[in-house]
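Everything below concerns the one structure shown next.
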Protein chains: 2
Amino acid sequence: MNPETPKGRAPSIRDVARLAEVSHQTVSRVLNDHPSIRPETRERVLAAMETLQYRPNRAARALVTSRSHTIGVLASTSTEYGPATSIAAIEDAAREHGYYVNTANIADQSAEGIADALEHLMLQAIEGLVVIAPQVRVFEVLAASPVGVPFVSLQSTGRSDHLALSVDQVTGARRATQHLINLGHRQIVHLAGPQDWIEAEARMRGFLDAIGDADLDLRPPILGDWSADFGYFAGRELLRHRDFTAVFAANDQMAIGFMHAVRDMGLDVPGDISVVGFDDIPVAQHVWPPLTTVYQDYRETGRRAVALLLNQVHGERVLEVEQVVPRLVVRGSTAEAPVVRAAGDATGGAPGRRSRV
Amino acid sequence: MNPETPKGRAPSIRDVARLAEVSHQTVSRVLNDHPSIRPETRERVLAAMETLQYRPNRAARALVTSRSHTIGVLASTSTEYGPATSIAAIEDAAREHGYYVNTANIADQSAEGIADALEHLMLQAIEGLVVIAPQVRVFEVLAASPVGVPFVSLQSTGRSDHLALSVDQVTGARRATQHLINLGHRQIVHLAGPQDWIEAEARMRGFLDAIGDADLDLRPPILGDWSADFGYFAGRELLRHRDFTAVFAANDQMAIGFMHAVRDMGLDVPGDISVVGFDDIPVAQHVWPPLTTVYQDYRETGRRAVALLLNQVHGERVLEVEQVVPRLVVRGSTAEAPVVRAAGDATGGAPGRRSRV
DNA sequence: GGAACCGATGTGCACGGTCACATCGAAGCT
DNA sequence: AGCTTCGATGTGACCGTGCACATCGGTTCC
């Protein structure tokens with residue numbers, strides 16, 4: 001459409017060069033901010049680009065430099081609030097650094113599904129990888145077929161073959177549990193995440209540590225699937241025997257589902273049973289009762305992952321990462337343990353209503 | 001590392017060709033499933049690829065074919081459940097079709113922010129665009145600087161310059177409102193989404209239609225920002241005058257925040273005030289009371305967007321899209337309107353508890 | 001039995017950039 | 001004055017793949 005454009009093809013640096021009456025190499029230099037270009041020449045080239053509506057061809061550049069300027073994100077459950085938030089932050093941060101992001105979601109949890117997603121990313125010639133699919137198995141697959149590019153995981157694995165952004169979930173979980181213990185609870189149930197998940201394990205460890213420190217009886221944690229539905233059904237089951245006074249759920253969804261079950265049984269949170277979640281999803285403070293939980297900054301985590309990864313990609317020294325400790329947020333779902341355990345009393349009071357927004 | 005690999009460079013089709021004792025073109029043909037290749041030759045080539053761990057270079061291929069095999073997603077609020085779910089579905093579907101997805105989040109709502117994100121995608125040479133950033137302004141920007149590739153939007157705009165996946169939100173909202181009207185509510189407040197949003201407008205229109213059909217008094221809708229926090233604060237404000245008995249919120253988060261405010265004022269849902277949301281996010285059925293809302297299938301929407309877009313990209317005839325009507329899910333947050341409007345009575349009963357999981 | 005055709009494969013170039021090296025005039029140094 | 005250095009620019013090759021066209025042996029057809 002543009003009269004200057006020679007063929008039906010998009011304009012290339014040679015078209016720009018012709019119009020600006022310079023060599024194609026000079027155009028290339030302008031593109032790459034080469035120092036030794038006369039300001040006047042640069043202006044002329046830029047004007048020609050503007051006229052032709054020139055856009056550099058990323059494929060051509062990638063071909064010759066063998067740099068794709070793309071980072072991969074290997075994700076699972078990207079629908080959940082936490083991962084989704086981190087992914088969005090990763091994309092923003094990457095764009096800021098002039099990078100593109102390619103996400104592959106793990107379809108199922110099989111090793112094959114993981115390998116498929118990884119293969120998809122490798123075909124894209126990614127320069128680095130952010131792993132936000134925090135199942136132990138993912139790292140096994142990664143170890144079995146090395147990607148050959150630096151990678152960062154958003155969860156701490158304890159392995160040393162890559163960098164991990166250590167949000168100290170163990171301490172977060174420990175603090176949540178200690179909060180319950182401080183309130184006088186002695187029988188505490190842990191609704192954990194799935195077996196294979198690193199975060200689930202870390203949170204469980206924090207729970208176990210706190211229980212051990214306080215020398216309390218240990219009930220084996222219930223392994224869940226992070227969903228509110230699971231929290232609900234687990235609650236229905238658990239509440240058949242009222243032999244506990246508090247629950248620490250490994251995420252807010254399960255906590256919310258559990259609270260639903262408590263109400264269905266005609267019991268009260270926190271009057272009869274205190275509940276703590278993990279993550280502080282946006283609705284956590286608006287459910288009834290407002291959920292005591294552990295806050296972690298998913299955006300910041302994503303941002304830092306990109307910074308860390310790009311450092312590695314550019315071959316810079318990677319500094320030791322300081323641990324971020326998530327913060328306990330006390331709301332209305334926790335209260336002092338009922339003094340007398342009355343198994344039949346379903347109409348316990350509702351003390352300690354400290355709802356806040 | 002591999003003895004066959006000539007230099008430090010990754011193997012190319014010529015390396016494969018040399019090993020298989022064919023020409024590079026034959027290798028290319030094997031890659032592209034050209035019909036006239038002898039099975040025996042194909043085998044030999046495939047074996048050579050395997051030996052060399054050959055991976056096609058996407059950049060080179062994109063350069064010569066000028067096809068990037070990438071689709072762009074222009075998104076905003078990709079952190080919310082709905083968009084996040086659709087994006088994940090888009091990525092899965094695209095991968096299934098051998099396509100890559102590049103997402104750009106709109107940083108702020110300014111025209112500049114939108115143009116930036118779009119520019120980012122265009123530099124990537126996307127073949128098609130899915131718009132999941134349902135603000136009217138986005139379409140203005142798109143109209144001002146045409147992208148030159150087919151695009152599909154996940155929300156109906158009424159414009160005819162592109163395809164829109166019409167989930168019929170107007171009807172969904174109308175049904176939600178009618179549900180309240182059928183329960184005897186006469187004063188209904190609408191917590192709407194932000195001004196600029198297509199979905200917000202559609203849902204508001206459905207609300208207005210239903211109110212108009214029933215010949216009820218119209219209260220101007222309150223424009224919110226989709227957040228639970230907003231729902232809460234709007235509720236605190238609205239409830240200073242109890243001149244309504246039901247609320248239709250444009251999404252579940254605002255509904256949940258509003259219900260929080262109702263409780264804070266010592267009132268009861270649905271005894272004093274019925275609440276309907278929109279979206280059916282996973283926790284909606286587990287909050288108290290379980291939220292009556294309108295379900296829409298975000299995964300399916302994303303999947304269909306990709307199918308539609310790729311049809312266009314491949315120049316196929318694009319069939320008219322049938323409208324999907326979202327489904328009303330009745331739960332415990334709605335009940336018959338209180339017969340007598342007792343302004344001071346804060347302890348209304350809790351009829352119609354039909355909680356279900 | 002020779003022309004036309006077809007299946008299977010090879011040859012060379014083009015895609016749009018960047019890199020290494022060449023060129024060339026002006027300025028600096030001895 | 002002659003040599004070196006440097007800034008500003010040009011020339012040609014190359015990255016890995018696909019396309020257009022050429023080649024070549026074997027059938028088919030009249």
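It should be emphasised that the depicted structure is a prediction, and the values quoted were computed from it without experimental measurement. Residue numbering restarts at 1 for every chain, and letters A, B, ... go by the order of the sequence lines.
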Check every strand shown and say whether A/Arg42 touches a base, only sugar-phosphate, or nothing at a heavy-atom separation below 4.0 Å.
nothing
Using a cut-off of 4.0 Å on non-hydrogen atoms, how would the nucleic acid contact of A/Ser36 be classed: base, sugar-phosphate, or nothing?
base
Anything under 30° is parallel, anything over 60° is perpendicular, the rest tilted; go ahead and classify A/Tyr298 against A/Tyr81.
perpendicular
End axis versus end axis in the helix from C/dG1-D/dC30 to C/dT30-D/dA1, the angle rounded to 10°, five pairs used at each terminus
40°
Presence of B/Arg38 side-chain N/O under 4.0 Å of C/dA8 phosphate oxygens OP1/OP2
no
Which listed nucleotide (D/dG16, C/dT18, C/dT9) is nearest to the side chain of B/Thr41?
C/dT9
Categorize B/Arg29 for me: base, sugar-phosphate, or nothing, with a 4.0 angstrom heavy-atom threshold over every strand shown.
base
Taking any heavy-atom pair under 4.0 Å as a contact, classify A/Ser66: base, sugar-phosphate, or nothing.
nothing
Check against side-chain contact (heavy atoms from CB on, under 4.5 Å), B/Glu127 and B/Thr70
CA-CA 6 Å; B/Glu127 292 184 26; B/Thr70 297; over 6 Å; no
Within the structure shown, what part of the strands sits under 4.0 Å from A/Val22 by heavy-atom distance: base, sugar-phosphate, or nothing?
sugar-phosphate
In terms of side-chain heavy atoms of A/Thr26, which of C/dT9, C/dC13, D/dG10 is nearest?
D/dG10
I want to verify a distance call: between D/dT9, C/dG16, C/dT9, whose nearest atom is closest to the A/Val64 side chain?
C/dG16
Side-chain N,O (A/Ser28) to OP1/OP2 (C/dT18) below 4.0 Å:
yes
Could you tell me if the ring centre of A/Tyr99 sits under 6.0 Å from that of A/His69?
yes
